[in-house]
Each structure stands twice: as C-alpha cells, then as structure tokens.
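Side chains included, hydrogens not; waters and symmetry mates left out as well; all remaining heavy atoms used. Given the structure is predicted, the values throughout are model-derived calculations rather than measurements.
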Amino acid sequence: MSSDFSSPAPAAAAVYDATATHDAAADLPALRVYAPGRAELLGNHTDYNAGLVMAIAVNRGITLSARPLRDGAIHLRALDIHREYHGHVDQLHPSATESWANYVLGVAFQFVNTGRRLGGFSLEITSNLPMGAGLSSSAALEIATALALAEMFGHEVEPLALARIAQKAEHEFAGVKCGLLDQISSLMSAATSVTSIDCRSLQVTPVAIPSGGVFVIADPHAKHQLVTGEYNERRASCESAARKLGVPFLRDITSAQLEARREELTDMEYRRALHVVGETERVALGAEALAKSDLATFGALMFASHESSIANFENSCPELDTLVTAARRHAGCLGARLSGGGFGGSTINLVRAGQEESFIQALKAAWPKTECLVTPACAGATVLS
Ligand code: GLA
C-alpha cells in the first residue's frame, strides 16, 4: 500500500452492472479502495451534541479489494483475522457470529434502504490499522465499503451523505449511537491539515498545522468491556441534560449559562454537560491557537480536555491516565489526552519535533505494553484503482 496519501485520487474505476448475472467479473480488475483511521485532537463527545471537534486522518487504514458477484451473493474475507462471511444482498441483517462483517453488511443495508440498488459483491479486507486502539477501524471499514459499493454500482453519493450511511450502519448493525466524527474524518480529511468539523452545520474545514509539532498516538492495549454500553449511556446523559435545560443540543449552551442553571440537573448530568460544553469551547480556542501558530496553547487545551474526561465525563481509564501523566512530565510534550470514545483506546500527543523518540521511550517506561505510532495528518479515503 502506498503511504503517499497526499497524491490525488486516481481516475474513477469502471462501473459494474448491478443487474449482472454473469460470474464475478474476472476479466475486470478488482476495485481497490483505501480508508484511513482517525485520531481525535480536541472536542470529545461533542459530535452528537452538535458541537465542534478537530481530528486528523492517520497513516494507517483499511484496504479493500472489491468485485461484483452474480446472483446477489456476498462473500467477505477478512485476510488478517482469517475469517469469512457468506450471505446474500436480499438478506442483509447483522451476523451474530461474524461481528466484523456487520460494518460491511450495515453499509450495504443502508444503500438498499435508501433506494440505491446493489448487486452481489466480494470484498477482501486487509488492514494495518490496529483494532481496539481507538483509531476508528470500524469507521474506516464502513467508509471503504461505502466508497467501493458506490463506485461498483454507479451511485453518486455526496461525501456527507456517504458519511451518514456509514454512521447509520454503525447505529443499526453495531449498536453504537455514534456521531459523525469518525466517518467524516476518514472520508473528508486533507493531508497536512486538521479536520475541523462543526457538527451542527456539518461544515468541514481543513486547518493548516503549524510546523514544529509531531503527533504521537500511544496505545497502552487497555482492553475494556462494556464500551458500547458506556458510550450509549453517556450520549443518553447528554441528551437528558439538554432536555432539562430546554435546548435542542448541549451546543446551545455556554459554560457560564450551564453554571447558572446547575441546580436544574443531577450532579452527573451537570458534569457530563460541563465536559461537552467545555470541549466545544476548547475547540474554538484551539482554532485560534492554530491560527497564531501557538502549539503551546493548543497542547494546554489537550491536557485540559483529558482532565475533564477524568473529572467530568468519566471516560478515561488507569492505563490512559498513566500515559497522560508520563507525557506531561516529558519536557518535549506540548499536550496529551485520550482520543475518541474513551474507556480504553489510545492517547494522542502533540510533541515537539525531534523529541518524539525520547518521548516514546518515556511512555514505554511508564507503561511497558505501550505501542506508539508517529503520524502526519493524512488525506481521507480514496479509490486506488
Ligand atoms: C467515538 C464515536 C464518535 C465520537 C467519539 C468521541 O469515536 O464514534 O462519534 O462521539 O467517540 O468524541
């Protein structure tokens, strides 16, 4: 796989006939699609609260090799984990045994459900994106699938509509009531830029990254149960807080207003809301800092975000806290926080350029199982050939 994600997308591949009854179009080259994972920089759990969030697409992702199949057959092969799934495009439902396949099946279901006709297809899936590391391997698989299906069956779908299809797949076939952060970041990111998303207007803005900093993702391999349940429960608390405050979303309230109306919420709702409202405010401040090339302020906002995760949103865990504490002690670290949903996953660190090696050693000394990935901000998903 090419690591030069900044190259322009290749010309569109051949469009296959959704009604084809001939055998897998062996004479046509397989369609290859790549979708990257993402790291969330600031704006934790703001997306489903219509708030602001910043992320980058990382230099790891999922590659699909796709072909149309006759008679509506679906054959999926996950080469890295040696699993297969066989089904039919007329019987799209979540698999109880092959949960990895549900991200593909959920996307196919949304295509059909929105009147976009599909024929059968085969997908071979390979990944260099660690699963369970909080880098959104699920969204990368959804986005790669959505691009492959759109391309193979000749459906023109706007990027935001494609991201919504992938999000709905996650809601309905994986049971996670996620926002749009992961899908938009995987699809719409631009190389060398932070992807800044206003989750109310769904305006996606690439923001230039000042020189002098390097992103290091640190995965302590913290495996936690009940992540989906905890995630959905946090979302429910945010929605309940917004309802009690009489606003459509937590985006519609400032931290000063929240403070003044604190008594209207339970203590837990207040703290959940405080985190989300504070995160949107930190993204706004982060954008100002980037515009002034002020990486020190951006990093300080990342540390503040993690503190709020610990105190208010309660979505960190001891492994992530150990890494953020070690990061804070390293002179080359500008900022560190958990990235994504929480309850496990990875930290994202902003480190002074040239200090990343000693920084990584410091994290490994603090938590030996830690694996680190140094990544530039990469371009979003693309059809490779
Ligand atoms: C997960 C979800 C996203 C977002 C983040 C937290 O990655 O899939 O939609 O809510 O958590 O910001």
Student: Using side-chain contact (heavy atoms from CB on, under 4.5 Å), reason through I360 and V374 one step at a time and then give a plain yes or no.
Tutor: CA-CA 9 Å; I360 289 169; V374 178; 3.9 Å; yes
Student: Hey, does I81 have a side-chain heavy atom less than 4.5 Å from the side chain of W100?
Tutor: yes
Student: Check whether E281 reaches the backbone of S255 with its side chain - one donor and one acceptor, N or O, closer than 3.5 Å.
Tutor: yes
Student: Let me see the working for Q355 and H330 under side-chain contact (heavy atoms from CB on, under 4.5 Å), right down to the final yes or no.
Tutor: CA-CA 9 Å; Q355 305 225 16; H330 192 277; 3.8 Å; yes
Student: Mind checking whether F313 and H45 have parallel, tilted or perpendicular rings, split at 30° and 60°?
Tutor: tilted
Student: Take atom CE of M131 as the centre, draw a 6.0 Å sphere, and report whether it contains more than 12 heavy atoms from other residues, nucleotides or ligands.
Tutor: no
Student: Is a donor from one side chain sitting under 3.5 angstrom from an acceptor on the other, for Q110 and E172?
Tutor: yes
Student: With no hydrogens and no angle check, do the side chains of S309 and N315 hold a donor and an acceptor under 3.5 Å apart?
Tutor: yes
Student: Could R67 and E124 be called an ion pair, given the rule that one side-chain N must be under 4.0 Å from one carboxylate O?
Tutor: no
Student: Walk me through whether L334 and F298 qualify under side-chain contact (heavy atoms from CB on, under 4.5 Å).
Tutor: CA-CA 8 Å; L334 295 160; F298 194 88; over 6 Å; no
Student: May I ask you to test the F111-H155 pair for a side-chain heavy-atom distance under 4.5 Å?
Tutor: yes
Student: Would you say E84 and H75 are linked by a side-chain donor-acceptor pair, where the criterion is simply a distance under 3.5 Å?
Tutor: no
Student: Just to verify, which of E269, E239, E264 counts as forming a salt bridge (Lys or Arg N to Asp or Glu O under 4.0 Å) with K244?
Tutor: E269
Student: Pick from H275, R261, E259: which one makes a side-chain hydrogen bond (donor to acceptor under 3.5 Å, both in side chains) with Y270?
Tutor: E259
Student: Before giving the answer on side-chain contact (heavy atoms from CB on, under 4.5 Å), spell out for M54 and L290 the whole-Å C-alpha distance, their side-chain angles and the decisive distance to 0.1 Å.
Tutor: CA-CA 11 Å; M54 282 181 175; L290 289 181; 4.2 Å; yes
Student: Should the pair F109 and F173 be assigned to parallel (<30°), tilted (30 to 60°) or perpendicular (>60°) ring geometry?
Tutor: tilted
Student: When you look at NZ of K177, are more than 12 heavy atoms from neighbouring residues, nucleotides or ligands closer to it than 6.0 Å?
Tutor: yes
Student: So V53 and E40, do their side chains get closer than 4.5 Å, heavy atoms only?
Tutor: yes
Student: Report yes or no: do S305 and R337 form a side-chain donor-acceptor pair below 3.5 Å?
Tutor: yes
Student: Taking all heavy atoms of L76 and all of A101, pick out the closest pair and write down the distance.
Tutor: CD1-CB, 3.9 Å
Student: Looking at R251 and D198, is there a salt bridge between them, counting it only when a charged N and a carboxylate O are closer than 4.0 Å?
Tutor: yes
Student: Determine, step by step, whether E314 and R272 satisfy the salt bridge (Lys or Arg N to Asp or Glu O under 4.0 Å) criterion, reporting the C-alpha distance in whole Å, the side-chain angles of both residues, the deciding distance to 0.1 Å, and the verdict.
Tutor: CA-CA 8 Å; E314 298 179 283; R272 304 296 188 249; 2.9 Å; yes
Student: Please walk me through it: do K369 and D219 pass salt bridge (Lys or Arg N to Asp or Glu O under 4.0 Å)?
Tutor: CA-CA 8 Å; K369 279 198 291 178; D219 176 8; over 6 Å; no
Student: Do the side chains of W367 and P318 get nearer than 4.5 Å, heavy atoms only?
Tutor: no
Student: Quick one about T46 and N44 (side-chain donor to acceptor, distance below 3.5 Å, no hydrogens or angles considered), yes or no?
Tutor: no
Student: I217 versus N349: any side-chain heavy-atom pair under 4.5 Å?
Tutor: no
Student: Is it possible for you to say whether M152 and L141 belong to one hydrophobic cluster, with membership spreading through side-chain heavy-atom contacts below 4.5 Å?
Tutor: yes
Student: Is it true that H93 and Q91 share a donor-acceptor pair across their side chains at a distance under 3.5 Å?
Tutor: no
Student: Between Y231 and Y48, is the ring centre distance below 6.0 Å?
Tutor: yes
